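Structure first, then comments.
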2 protein chains.
Amino acid sequence: MSRTTNRKTQKTPHHHGDLYEALIDAGIEILQETGVAGLTLRGCAARAGVSHSAPAHHFEGMEGLLTAIAARGFRLFTETMIKERENSADKPRERLVAICHGYLQFSQQNGSLYNLMFSSERVNFSNANLTCASALAYQVLADGCAPFEHGSAGPAATEIMIWSLLHGYAGLSRKAQHTDQQHPMSNIRIDDILPHLELKARTTKRGSKSKQQ
Amino acid sequence: MSRTTNRKTQKTPHHHGDLYEALIDAGIEILQETGVAGLTLRGCAARAGVSHSAPAHHFEGMEGLLTAIAARGFRLFTETMIKERENSADKPRERLVAICHGYLQFSQQNGSLYNLMFSSERVNFSNANLTCASALAYQVLADGCAPFEHGSAGPAATEIMIWSLLHGYAGLSRKAQHTDQQHPMSNIRIDDILPHLELKARTTKRGSKSKQQ
DNA sequence: GCACTTAACTTGACAGCGTCAAGTTAAGCA
DNA sequence: TGCTTAACTTGACGCTGTCAAGTTAAGTGC
């Protein structure tokens, strides 16, 4: 039915047109509306207007769809962090704080999607599309950490410290929302914590990373 | 069948004896063996040797069982942290580090259970049994943080900083395990990160918390 | 313009899932 | 011994992911 209501009435390349992306769109919508519990292959197919078995031609089962949704999630995640970074002052610390705010903004506004991206056992983290999207997100944070002094363990220790702190804070504050009783989490902002991390901007060396933007 | 092989052959209070705990045992076993994807009400019932509908008399559906499993998980979690703490030297910093090691030891050895305890949307975080068990675990960490100086946001900021860092590190290192390619995470230990947190033991005041143990 | 190939999608079936209603068994008690 | 009630079983329901087979339509060679 109403298959003719495609964006291009002239030439629909196949039955649907772009079912792959449409199924991911549907999945993200359902994720936002009902959480991961309501996310089903059949539900995504129905929302995209195709039969319950159509997704099998584009994804390797449920795991494949979830992996593709997670990959899309990482791209949106990267966009959110970059957007916040570009609205900040061009100082190392303020840029990093802006990235952190973007990180938490995304995790709070897309809780179920964020959860799927990180903690689900139903996602194939070996998938190239996903690891690529995930690596791009990580790179934004790593770039934000680069201008600071690192300990003997090198820059990775700084990156993991920030990334862990944000990931943990995001997960805990999400859990605190779902709890009835008052949680100590509720009164603590990320800006109360970040100053207690040992982060000193390097002043000696120049030119290595400061070229970009 | 072999219902008579109970621990007390004398007086089995009812058909099974202690199905409530047996179902949680079964659930944790299945969780360790197959991950959360293989955890089903019917599977737990089968492992406990009862029919597929028996769990309904002890738990409010799947959510109830998962919530009870999570609560049990928090108690095991608390035990692990306390055990590590009591094997450490009686200095504030070493005690806190020991608690952190206990935290990560548990999360690494019980990945699926840990995941269920924190990030699942299928658990009822308003359940009194669960919030109680969860609060006891939090208290161990809060006690470990108490001897240190806190910023203007009070002790909660220190607690949330440590808790977030551990929770994030646990989740990311778990994710790194599931990824094929080399992850920057793999080379960084928690002991590379903890020294970069601003944590100064209070030396002036005495007697407030140092009484215990 | 027409047959051929192949990708995209549909239809129908299957077992396994959580949940519910109704029936059965056994424990505790008067 | 008979009654009440908690513990558990049986059977059914709709929903799920997945698979096999059939159908439709797009692309291609002639």
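The model shown is predicted, which means the values in this text are computed figures rather than measured ones.
Distance NE2 (His57(A)) to P (dC19(D)): 12 Å, rounded to an integer number of Å. If you measure from atom CG of Leu23(A) to atom C1' of dG17(D), you get 15 Å, rounded to the nearest angstrom. For the pair Leu65(A) CG and dT18(D) P, the computed distance is 10 Å after rounding to whole Å. Atom pair Glu63(A):CD and dT16(D):C1' shows a separation of 17 Å (rounding to whole Å applied). Look at CG on Leu66(B): it is 13 Å from C1' on dC17(C), rounded to the nearest Å. The separation between Glu60(A) atom CD and dT18(D) atom C1' is 13 Å, rounded to whole Å. Nucleotide dC17(C) holds its C1' atom 13 Å from the CZ atom of Arg122(A), rounded to whole Å. Rounded to an integer number of Å, the gap from CE of Met62(B) to C1' of dC20(C) is 17 Å.
The side chain to side chain contact (heavy atoms under 4.5 Å, CB included) test with Gln105(B) singles out one residue from Gln108(B), Gln109(B), His101(B), and that residue is Gln109(B).
Ring planes of Phe106(A) and Phe77(A): tilted class, angle from 30 to 60°. In this structure, Tyr114(B) and Tyr103(B) have perpendicular ring planes: the angle between them is above 60°, well past the 30° mark.
Nearest-nucleotide positions on DNA chain D place Ser51(B) closer to the 5' end than the other of Ser51(B) and Gly61(A). Where Ser53(A) and Ser53(B) meet DNA chain D, the nucleotide closest to each residue was compared, and Ser53(B) sits on the side nearer the 5' end. Residue whose closest nucleotide on DNA chain C sits further toward the 5' end, between Ala56(B) and Leu19(A): Leu19(A).
Near DNA chain C, meaning a heavy atom under 4.0 Å away, there are no residues from residues 27-34 of chain A. Contact check of residues 39-48 of chain B against DNA chain C (heavy atom, cut-off under 4.0 Å) returns Thr40(B), Leu41(B), Arg42(B).
Contacts classified as salt bridge (charged side-chain N to carboxylate O under 4.0 Å, His left out) and involving residues 61-70 of chain A (residues at least two apart or in different chains) are not found.
Checked by distance alone, His52(B) brings a side-chain donor or acceptor within 3.5 Å of a matching partner on the base of dG11(D).
For the residue pair Ser112(B) and Val36(B), the shortest heavy atom distance occurs at OG-N, 4.2 Å.
A centroid separation of less than 6.0 Å is found between the aromatic rings of Phe118(B) and Phe74(B).
Residue Glu29(A) qualifies as enclosed at atom CD: its count of foreign heavy atoms under 6.0 Å is above 12. In Glu198(B), the CD atom is crowded: over 12 heavy atoms of neighbouring residues, nucleotides or ligands sit closer than 6.0 Å.
Contacts of His58(A) with the nucleic acid, taken as non-hydrogen atoms under 4.0 Å apart, involve only primed sugar atoms and P, OP1 or OP2.
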Q: Mind running side-chain contact (heavy atoms from CB on, under 4.5 Å) on Lys175(A) and Ser134(B) for me, showing each step along the way?
A: CA-CA 11 Å; Lys175(A) 175 164 172 278; Ser134(B) 167; 3.6 Å; yes

